[in-house]
Amino acid sequence: MRILAPFLLFITSGLMAQNKPFIRLVDGPREVNRVRNPTQYLSGSTCKKCLLSINGTKVKVYPTGAFAYELTLEPGINVFNIVATAAPDMVNKKITYNYVLPSRDSVKEFGIDSIETFPKGNLVLQAGEKIAFRVKAWPDSRVVVNGNTPLYEMPLNTAGIRGIYQGEYVIKESDNFMNSQLPVSITDETGKTISRNTDYRFSLFPKTGPDMLITRGRLAHLLFGLGEDRLGGAKIGYIDSLIPLKMIGKVDSNYQVRLSKYRTAYIPSDVVSFLPRGTFTPSSLTGNWRVWGDSLFDYVSVALSTRLPYQSSQQVDPAKIVVDVFGATNNSNWIIQMENALEIKNVYYDQVEDEVFRITIDLKHQQHWGYQIYYNNNNLVIKVRRQPANLSLDHLTIAIDAGHGGSNYGAEGLTGSSEKALTLAVSLKLQKALEEMGAKVIMTRTIEKFVDNKDRILFYRDSLPDLLVSIHLNSSADPIHVSGASTYYRHIGFRNLSHDIYKRMLELGLKEFGNTGSFNFMLNSPTEYPNALVELLFLSNPEDEMKILDEDFQQQLVQKIITGVQDFLKESE
């Protein structure tokens with residue numbers, strides 16, 4: 001007894017601490033908050049035995065201690081008193097919201113309220129290019145850009161705001177600004193003038209100095225445009241190193257490049273270097289082709305005189321790989337096709353427009369298993385993966401990517417649970433189950449550590465698994481109405497993998513959040529192997545968090561993911 005007593009005392013103290021009331025808010029508001037949205041949420045955790053109320057209204061506390069409550073604010077000051085009780089103890093927390101209605105008023109005094117420029121960002125431009133301006137200012141005035149380009153007051157919009165001026169400034173050969181903020185001035189009927197500079201800076205494309213770039217590294221990639229979201233700009237795709245590109249401008253850290261007569265794109269500055277001015281703009285006639293196979297892959301090789309940028313896509317029903325080569329003009333007179341090409345059914349080409357040469361590869365199987373595009377000297381090579389001869393799990397290599405890790409925590413649950421820890425826990429269970437079925441499994445991480453997404457892509461590009469499943473947990477600012485399972489793919493040829501996993505996960509009674517395509521997540525971007533991102537549940541939702549904290553439920557999710565993978569393999573036979 002003398003040995004057990006301290007242990008029992010420790011257990012008793014721990015239980016008492018668990019029943020001690022507390023209030024922990026996640027994504028927590030400050031004590032006083034100024035907001036412009038009438039809907040707000042209070043969510044977090046308290047002790048598992050606690051009773052919780054907000055302004056006297058009882059709030060559900062889940063078995064984990066989590067809670068979530070929706071607020072509807074009135075304009076002005078709104079005070080909420082959160083009380084957690086576990087008799088005889090009680091704690092409370094007071095949160096105040098100042099709900100300010102969005103301003104929809106015209107400018108109240110003579111002057112300029114705001115200046116917007118499009119594209120947004122610091123720009124490097126050439127003569128003939130345009131900067132679009134939208135200025136909010138005193139109504140019924142004269143507004144000009146850079147001293148001479150007028151902006152025009154727009155008709156009253158639906159909100160009844162006056163004093164919105166718009167127009168375009170066209171870059172002239174005579175302009176000489178360099179890293180400058182452009183002045184916008186307003187003049188009233190008395191001749192009174194006020195000026196204000198743009199927030200962003202503008203430069204003219206230099207008439208001397210380099211105007212040619214060359215890609216470097218293994219992760220150079222082209223972007224369609226300047227749009228941004230939490231996943232970054234929409235990628236055209238990865239391209240090989242040492243490809244020259246004609247630079248025609250710059251927006252912040254992205255260079256604008258010309259791909260062909262009618263196509264431009266952007267590329268991040270950290271994946272290119274400059275070539276000497278006078279370097280030729282890349283272009284090439286196409287030479288002869290060769291199609292063949294070795295013991296593992298099929299290949300298409302097209303002779304070019306220089307490396308050119310390209311874009312690829314997948315088509316389904318029937319399965320095709322389509323590659324557009326920018327700067328290429330057809331001069332191919334024959335395509336040599338060898339019988340040892342086992343996955344490639346046919347290859348043909350089309351000059352779809354000036355300087356855009358299209359390669360189309362018909363596949364024998366309906367399911368895409370991946371491909372890689374690279375240069376062998378100046379020969380463009382498309383390396384096509386064959387469908388595995390045996391589609392049983394015990395003959396395949398499965399990659400499992402446990403999301404986040406180390407300093408990258410990911411989402412936080414209402415009780416303080418961590419996405420990085422839970423994705424690792426589920427991934428390890430998935431690894432064990434697959435290995436017990438005879439599969440070879442390769443893992444991004446098996447311990448708690450940070451792995452950069454770029455390193456993950458390169459690791460799997462070198463390892464070349466048969467397929468990859470990336471495990472994550474979702475989060476939303478709305479902890480009440482948003483919940484459920486979801487899966488994601490980028491390339492249409494890999495959709496079946498994510499969709500089959502999704503359908504199986506829904507058998508657990510989870511709410512649908514969808515199977516999302518064209519998803520711009522880095523682990524969905526490779527074309528080398530089928531891949532799927534699996535967002536198991538929403539950590540921000542108290543019921544979802546309660547489920548994923550249950551190890552038995554984690555195991556059920558693992559079994560559904562495996563069954564979904566098996567469905568995918570069976571459909572591919």
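Position 1 is the first residue of the sequence, and the numbers go up from there.
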Legend entry - Side-chain (Thr279) to main-chain (Arg277) donor-acceptor, under 3.5 angstrom: no
Legend entry - Main-chain N/O of Leu539 paired with Ser475 side-chain donor or acceptor, under 3.5 Å: no
Inset, instruction - Would you check, one step at a time, whether the test side chain to side chain contact (heavy atoms under 4.5 Å, CB included) holds for Asp462 with Arg218? - result: CA-CA 11 Å; Asp462 293 337; Arg218 301 180 64 192; 2.7 Å; yes
Inset, instruction - Would you sort out whether Tyr349 and Thr286 count as a side-chain hydrogen bond (donor to acceptor under 3.5 Å, both in side chains), showing the intermediate values? - result: CA-CA 11 Å; Tyr349 60 81; Thr286 64; over 6 Å; no
Legend entry - Under 3.5 Å: donor-acceptor pair, side chain of Arg258, backbone of Ile248: no
Legend entry - Neighbour count >12 (heavy atoms, 6.0 Å) for atom NZ, Lys172: yes
Inset, instruction - For Gln351 and Ala328, indicate whether the former's side chain and the latter's backbone hold a donor-acceptor pair under 3.5 Å. - result: yes
Inset, instruction - Answer whether the closest heavy-atom distance between the side chains of Ser301 and Trp292 falls below 4.5 Å. - result: yes
Legend entry - N/O donor-acceptor pair under 3.5 Å between Glu535 side chain and Ser486 backbone: no
Legend entry - Side chains of Tyr238 and Glu528 in contact at under 4.5 Å (non-hydrogen atoms): no
Inset, instruction - Examine distances only and state if a side-chain atom of Tyr460 and a backbone atom of Thr444 form a donor-acceptor pair shorter than 3.5 Å. - result: yes
Inset, instruction - Quick one: pull up CG in Asn524 and CZ in Phe494 and give me the separation to the nearest 0.5 Å. - result: 10.0 Å
Legend entry - Between OG1 on residue Thr516 and CG on residue Leu533, distance to nearest 0.5 Å: 9.0 Å
Inset, instruction - Kindly give the heavy-atom pair with the smallest separation between Pro309 and Ile243, and that separation in Å. - result: N-CG2, 3.5 Å
Legend entry - Arg386 side chain near Asp298 side chain, heavy-atom distance below 4.5 Å: yes
Legend entry - Shortest non-hydrogen contact from Gln367 toward Ser572: CG-OG, 3.6 Å
Legend entry - Student check: side-chain heavy atoms of Glu116 and Lys136 closer than 4.5 Å: no
Inset, instruction - Go through the side-chain N and O atoms of Asn515 and Ser498 and say whether any donor and acceptor fall under 3.5 Å apart. - result: yes
Inset, instruction - Would you indicate whether the side-chain heavy atoms of His499 and Thr487 approach each other to under 4.5 Å? - result: no
Inset, instruction - Any chance you could lay out the salt bridge (charged side-chain N to carboxylate O under 4.0 Å, His left out) test for Glu448 and Lys420, step after step, and finish with the verdict? - result: CA-CA 8 Å; Glu448 170 48 33; Lys420 67 172 185 175; 2.9 Å; yes
Inset, instruction - Identify, with sequence neighbours excluded, every residue that meets ring-ring contact (aromatic ring centres under 6.0 Å, His included) alongside Phe513. - result: Phe538
Legend entry - Evaluation steps, side chain to side chain contact (heavy atoms under 4.5 Å, CB included), between Val184 and Leu182: CA-CA 7 Å; Val184 178; Leu182 296 184; 5.8 Å; no
Inset, instruction - Say whether Asp240 and Tyr310, considering side chains only, have a donor N or O and an acceptor N or O under 3.5 Å apart. - result: no
Inset, instruction - Would you confirm whether Asn122, through its side chain, and Arg201, through its main-chain N or O, come within 3.5 Å as a donor-acceptor pair? - result: yes
Inset, instruction - For residues Leu296 and Asp294, report the shortest heavy-atom separation together with the two atoms involved. - result: N-OD1, 2.8 Å
Inset, instruction - Taking all heavy atoms of Gln181 and all of Asp199, pick out the closest pair and write down the distance. - result: NE2-O, 3.7 Å
Inset, instruction - Kindly say whether Asn531 contributes a backbone atom to a donor-acceptor pair with the side chain of Arg490 at under 3.5 angstrom? - result: no
Inset, instruction - Go through the steps to decide whether Lys246 and Asp211 satisfy the test side chain to side chain contact (heavy atoms under 4.5 Å, CB included), and finish with yes or no. - result: CA-CA 6 Å; Lys246 177 70 173 180; Asp211 62 352; 2.7 Å; yes
Inset, instruction - Check for a donor-acceptor pair, side chain of Thr329 on one end and backbone N or O of Glu355 on the other, with a separation under 3.5 Å. - result: no
Inset, instruction - List the atom of Asp113, the atom of Arg196, and the distance in Å for their closest heavy-atom pair. - result: O-NH1, 2.7 Å
Inset, instruction - Give a yes-or-no answer on whether the side chains of Tyr169 and Asp175 include a donor-acceptor pair shorter than 3.5 Å. - result: yes
Inset, instruction - Indicate yes or no for a side-chain donor-acceptor contact from Glu343 to the backbone of Arg385 under 3.5 Å, with no hydrogens or angles considered. - result: no
Legend entry - Sub-4.5 Å side-chain heavy-atom contact between Phe202 and Thr117: yes
Inset, instruction - Might you confirm whether atom CZ of Arg142 has over 12 heavy atoms from other residues, nucleotides or ligands at distances under 6.0 Å? - result: no
Inset, instruction - Classify the side-chain pair Asp252/Tyr200 by whether it contains a donor and acceptor separated by less than 3.5 Å. - result: no
Legend entry - 4.5 Å side-chain heavy-atom contact, Phe205 and Ile171: no
Legend entry - Separation between CD of Glu168 and CZ of Phe133, rounded to the nearest 0.5 Å: 10.5 Å
Inset, instruction - Supply the atom-to-atom distance Leu497 CG to His368 NE2, rounded to the nearest 0.5 angstrom. - result: 14.0 Å
Inset, instruction - Would you check if Gln366 and Asp317 make a side-chain contact, meaning some heavy-atom pair closer than 4.5 Å? - result: yes
Legend entry - From Tyr488, Phe519, Phe521, residue fulfilling ring-ring contact (aromatic ring centres under 6.0 Å, His included) relative to His472: Phe521
Inset, instruction - Show your working on side chain to side chain contact (heavy atoms under 4.5 Å, CB included) between Asp362 and Lys320 and close with a plain yes or no. - result: CA-CA 5 Å; Asp362 291 341; Lys320 301 174 186 287; 2.7 Å; yes
Inset, instruction - Enumerate the residue pairs fulfilling ring pair (Phe, Tyr, Trp, His ring centres under 6.0 Å) with a member in residues 265-287, sequence neighbours excluded, ordered by first and then second residue. - result: Tyr255-Phe274
Inset, instruction - Over all heavy atoms of both residues, which pair between Tyr299 and Gly293 is shortest? Give the atoms and the distance, please. - result: CD1-CA, 4.4 Å
Legend entry - Neighbour count above 12 (heavy atom, 6.0 Å) for Lys345 NZ: no
Inset, instruction - Go through the side-chain N and O atoms of Gln314 and His491 and say whether any donor and acceptor fall under 3.5 Å apart. - result: no
Inset, instruction - Please determine, by modelled atom types, if Asn378 and Thr306 share a side-chain donor-acceptor pair under 3.5 angstrom. - result: no
Legend entry - Rounded distance [0.5 Å steps], CD1 in Ile186 versus CD1 in Ile112: 6.0 Å
Legend entry - Inter-residue atom distance Ile131.CD1 - Thr149.OG1, 0.5 Å rounding: 9.5 Å
